[in-house]
Amino acid sequence: MSRSFNRKQEIYKINRDLFVLSYGALVAQLCKDYERDEDVNKNLDSMGYNIGIRLIEDFLANTGIKKCRSYNETVDVIAKVAFKMYLGITPTMIGGNDGGNSFSLILDANPLDDYVEELPPGRSSLSYCNLLSGIIRGALEMIHLPADVTFIQDRLKGDDVTEIGITFLQKSDEKKSKRNK
């Protein structure tokens, strides 16, 4: 059994590394195709969104998770289950203690930038991992929770951590009142 488990871990690591390297090549190609960082960021977000609207079905089918009762619970599931399931990491969630609609996910490690030491020269506005924002936004939209998802901090831009901000576009009380109608 231990040998089987180790083999699965090796395959997972190979798949993850292949994905990370392929992602790097994708970003490099987008940087060649578009002069402006904003255009690259927009394309990465759009690709992520399209992945997210499909990935949510896989996530729900494989986890059996039912509808979350609050934004806090939703972001907690994203951090502890979805990130762990697809990227092998568990970000720290901050915010939401006041029942509000704004949260942050703090990534101590970000597998998408494992092989990246710094942003390409002249690309200081590039949001290298913007695919993640789009994935989260697309997945949330498919479960009727529209949100604004952006990078607040980025290690590749010299910050101490990578932070993804999630702001739900409906207040919690609006969500409840619509359910009761």
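Here the structure is a predicted model, which is why all the values come from computation and not from measurement.
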Where do Ile56 and Ile53 land on the side chain to side chain contact (heavy atoms under 4.5 Å, CB included) test, with the steps shown first? CA-CA 6 Å; Ile56 189 68; Ile53 62 176; 5.7 Å; no
Go through Lys157 and Leu119 one step at a time and tell me if the side chain to side chain contact (heavy atoms under 4.5 Å, CB included) criterion holds. CA-CA 7 Å; Lys157 293 182 179 181; Leu119 293 174; 3.7 Å; yes
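- Residues passing the ring pair (Phe, Tyr, Trp, His ring centres under 6.0 Å) test with Phe151, sequence neighbours excluded: none.
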Verdict with supporting geometry, Val27 and Leu131, side chain to side chain contact (heavy atoms under 4.5 Å, CB included): CA-CA 10 Å; Val27 174; Leu131 185 85; over 6 Å; no
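- By the side chain to side chain donor-acceptor pair (under 3.5 Å) test, Asn62 is found to be paired with Asp58, residues two or more places apart in sequence or in another chain being considered.
- With a 4.5 Å cut-off on side-chain heavy atoms, Val40 and Arg36 do not count as touching.
- The salt bridge (charged side-chain N to carboxylate O under 4.0 Å, His left out) contacts involving residues 125-148 comprise Asp45-Arg137, where partners must be two or more places apart or lie in separate chains.
- Checked against the 6.0 Å centroid threshold, Tyr23 and Tyr128 count as a close aromatic pair.
- Partners of Thr167 by side chain to side chain donor-acceptor pair (under 3.5 Å), not counting sequence neighbours, listed by chain and number: Ser102.
- Residues Ile164 and Leu107 have side chains in contact (heavy-atom distance under 4.5 Å, counting atoms from C-beta outward).
- Asp76 meets the salt bridge (Lys or Arg N to Asp or Glu O under 4.0 Å) test with Lys80; sequence neighbours excluded.
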Hey, mind stepping through Tyr71 and Gln170 against side chain to side chain contact (heavy atoms under 4.5 Å, CB included) and telling me if it holds? CA-CA 10 Å; Tyr71 291 145; Gln170 288 180 295; 3.4 Å; yes
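- Under the 4.5 angstrom side-chain criterion for Ile, Leu, Val, Met, Phe, Trp and Tyr, the cluster partners of Ile94 are Ile106, Val161.
- Phe103 pairs in a side chain to side chain contact (heavy atoms under 4.5 Å, CB included) with only one of the listed residues (Ile78, Thr74, Asn72), which is Asn72.
- Contact check for Leu55 versus Phe59: no side-chain heavy atoms found under the 4.5 Å cut-off.
- Following chains of ILVMFWY side-chain contacts shorter than 4.5 Å, one cannot reach Ile152 starting from Phe168, and the two form parts of different hydrophobic clusters.
- Between Arg123 and Cys31 the shortest side-chain heavy-atom distance falls below 4.5 Å.
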